[in-house]
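Below is one structure, written out as structure tokens; comments come after it.
So you know, we letter chains A, B, ... as the sequences are listed, proteins then strands, and number each from 1. These numbers come from a predicted model, not from an experiment.
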Amino acid sequence: MEHFEKSNFIRDIIDEHNKTGKFGGRVHTRFPPEPNGFLHIGHAKAICLSFGIAKDYDGLCNLRFDDTNPVKEDEKFVNSIQKDIKWLGFDWGERLFFASDYFGKMYDYAIQLIKAKKAYVDSQTSEEIRKNRGTVKSAGIESPFRNRLVLENLELFEKMKNGEFAEGTHVLRAKIDMSSPNMLMRDPLMYRIKKEKHHRTGDKWSIYPMYDFAHCLEDSMEGITHSLCSIEFENNRPLYDWFLDNLQIYHSQQIEFARLNLNYTVMSKRILSQLVEDGLVSGWDDPRLPTISGLRRRGYTPKSIRDFCDAIGMAKRESVVDISLLEYTIRHDLNVRAERRMAVLNPLKVIIDNYPENQFELLDAVNNPEDESAGKRQIPFSKVLYIEREDFMEDAPKKFFRLAPGREVRLRYAYFIKCESVVKDENGEIIALHCTYDSATKGGKSPDGRKVKATLHWVSAQHAIDAEVRLYDRLFTVENPLSADGDYRDYINPNSVEILQNCKLEPSLQNAKIGEFYQFERKGYFCVDDEKRLIFNRTVTLRDSWAKLQKKGNKK
RNA sequence: UGGGCCGUCGACAAGCGGUAAGUCACAUGGUUUUGGUCCAUGCAUUCAGGGGUUCGAAUCCUCUCGGCCCAACCA
């Protein structure tokens with residue numbers, strides 16, 4: 001997957017620039033999150049893009065916090081964001097920046113525009129400003145304050161800075177064109193008064209720059225060549241260019257790409273935080289969420305997410321990526337790296353009638369068939385075992401290959417066993433199976449060459465350890481919960497997490513460490529959750545052609 | 001007075017005037033002590049639709065249709 005040719009319109013543009021020498025062959029990108037929430041996999045796309053391009057072109061990528069709105073921002077987010085980017089495998093070196101570090105220079109640039117008669121202090125109310133902006137189909141009306149004298153503007157702006165005015169009484173606006181068909185060009189706001197404590201600058205500022213004014217300056221001051229952002233900023237580009245052109249300073253090029261959408265989940269920060277706040281999920285790192293921290297807890301690896309971002313490509317058209325692609329990349333990564341273990345999630349007792357009481361033996365098991373260097377381990381076998389409940393059927397259909405009365409199967413790395421009888425309780429519930437084993441089939445080989453159709457995982461009852469296993473599934477029952485009828489909450493998958501308390505694991509799992517991942521053979525990939533007790537989170541199931549067959553049968 | 005962007009297989013996505021890559025999904029075989037992995041094969045005579053230019057069009061022109069974004073003192 002890592003060998004395919006990356007080709008997309010952004011790389012085309014950069015190649016062209018390198019050819020014409022527009023930026024002197026330099027490539028310098030940036031990732032500019034606002035520290036107001038947790039990163040999600042949509043951000044991972046942007047991170048892989050900007051850091052990836054810098055890497056591939058021998059360039060640099062800055063991490064810059066776009067912290068221009070103290071009301072929404074918080075230091076805890078600047079920490080989690082850095083952690084997540086590092087975890088994803090990217091490095092910004094010494095180039096950690098904050099928009100707030102540029103507030104002084106931005107203020108000077110604003111004064112420069114005022115002096116050039118290209119900015120003015122507007123003293124309309126916010127309602128007036130909104131009303132006079134017009135609509136998408138009709139022109140706006142110029143503010144009565146639009147032609148204030150430079151000196152007056154300078155004086156008012158300074159007073160705004162000094163905190164002499166109440167919030168909402170004045171703003172600084174660029175003087176562009178109130179009748180522009182692009183709403184953003186109708187004298188956009190550059191500064192607003194906010195008497196709010198900033199997480200980095202404290203009480204120093206009473207005014208804060210707006211995104212459009214701030215962002216292009218940040219890029220310019222850092223010498224960014226290609227400023228990559230998502231498509232909804234396309235309308236902002238003329239304004240981005242306007243500020244830089246009118247200030248006559250270094251001009252980065254903004255290029256927009258389509259943001260990531262994934263089916264069966266939501267990417268909106270608003271909805272995500274609603275889910276968290278309403279307690280519909282356990283927190284920002286709930287393993288069902290598409291946040292980086294959620295995916296990490298779920299057991300997704302950085303490589304699988306990077307591979308995913310490579311696989312989805314890069315374009316401008318709006319699209320919805322199938323979650324199965326993400327599942328593919330994590331399986332693909334873990335298949336090679338995860339050691340195999342046997343774990344019985346829903347135990348059913350099996351008694352081997354002809355196996356000696358009080359005896360056990362250790363059997364060799366391969367740790368990873370995809371990686372010989374992972375070596376082998378030994379697993380205890382004894383008279384009483386557990387197998388998976390769903391691996392036995394009393395009335396088995398033809399296509400069911402597993403255990404059934406009178407049928408023989410292989411216990412992985414152990415013996416062939418044959419089901420002799422079924423034990424039920426007073427409710428008719430199956431509580432145990434009596435089987436016999438063939439001692440000649442030790443290790444799972446049959447010297448007489450007879451075949452069995454299934455190999456089951458199992459665990460020795462007296463040696464097994466207990467653990468909780470959490471089975472996660474997609475968070476929503478429909479592809480796009482936000483566009484479905486009614487409230488998106490109605491579509492939360494009631495089975496998005498299933499907690500199993502009574503799982504029986506092979507003893508080697510006793511010392512599994514937080515964050516480790518394993519393949520539970522025939523069940524899926526699991527990782528050790530960050531808890532005091534031993535808890536395994538299911539990252540993803542294995543592909544399951546039997547389940548697929550069953551589903552098909554049910555539909556008919 | 002509206003403007004900007006975008007329509008290529010079920011889902012992504014290459015393609016840049018020379019005759020539709022690749023990946024996921026799906027299907028069918030093979031290998032297999034995981035119904036896993038892996039391997040093989042199949043899966044767009046056609047690029048939203050019409051018209052035009054051309055020896056030749058997904059690529060150029062034109063019209064039509066459809067989707068998304070913009071009227072926060074958010075980013």
If I pick the [atom1] atom on [M] and the same atom on [N], what distance separates them, to the nearest angstrom?
N	M	atom1	result
U19(B)	C26(B)	P	33 Å
C5(B)	U46(B)	C1'	25 Å
U54(B)	G17(B)	C1'	9 Å
U64(B)	G2(B)	P	15 Å
U8(B)	A14(B)	C1'	10 Å
G50(B)	U37(B)	P	42 Å
G66(B)	A48(B)	P	16 Å

* Asked: With no hydrogens and no angle check, do the side chains of Ser508(A) and Arg341(A) hold a donor and an acceptor under 3.5 Å apart?
  -> yes

* Side chains of Asn132(A) and Gln124(A): donor-acceptor distance under 3.5 Å anywhere? -> yes

If you only use heavy atoms from C-beta on, which nucleotide in [options] is closest to the side chain of [X]?
X	options	answer
Leu325(A)	C38(B), U37(B), U23(B)	U23(B)
Ala315(A)	G35(B), A14(B), A75(B)	A14(B)
Asn235(A)	C5(B), C70(B), C12(B)	C70(B)
Thr68(A)	C12(B), A71(B), A75(B)	A75(B)
Pro369(A)	C69(B), C26(B), U34(B)	U34(B)
Val136(A)	G2(B), G36(B), A75(B)	G2(B)
Arg133(A)	A71(B), A14(B), U37(B)	A71(B)
Pro181(A)	C12(B), G3(B), G35(B)	G3(B)

* Asked: Looking at Glu16(A) and Lys19(A), does any basic side-chain N land under 4.0 Å from a carboxylate oxygen?
  -> yes

* Salt-bridge test for Arg200(A) and Glu73(A): reply yes if a basic N is under 4.0 Å from a carboxylate O, no otherwise. => no

With respect to the phosphate group of [N], does any side-chain polar atom (N or O) of [X] fall under 4.0 Å of OP1 or OP2?
X	N	result
Thr455(A)	U32(B)	no
Lys548(A)	G36(B)	no
Arg192(A)	A75(B)	yes
Ser138(A)	G2(B)	no

Base of [N] paired with side chain of [X] (donor-acceptor, under 3.5 Å):
X	N	value
Gln550(A)	G35(B)	no
Asn69(A)	C74(B)	no
Asp12(A)	C16(B)	yes
Arg340(A)	U34(B)	yes
Arg402(A)	G35(B)	yes

* May Tyr211(A) be described as stacking on the base of A75(B), applying a 5.5 Å centroid limit and a 30° limit on plane angle? -> no

* Structure fact -> pair_partner(G10(B)), Watson-Crick or wobble, both distances < 3.5 Å, evaluates to C24(B)

* To do: May I have the distance from Arg337(A) (atom CZ) to U37(B) (atom P), rounded to whole angstrom?
  => 18 Å

Report each atom pair, protein N/O against N/O of nucleotides 7-10 of chain B, whose distance is under 3.5 angstrom.
from	atom 1	to	atom 2	distance (Å)
U8(B)	O4	Arg317(A)	NH2	3.3

* Asked: Yes or no on side chain to side chain donor-acceptor pair (under 3.5 Å) for Ser126(A) and Arg192(A), after CA distance, side-chain angles and deciding distance?
  -> CA-CA 10 Å; Ser126(A) 61; Arg192(A) 75 287 215 198; over 6 Å; no

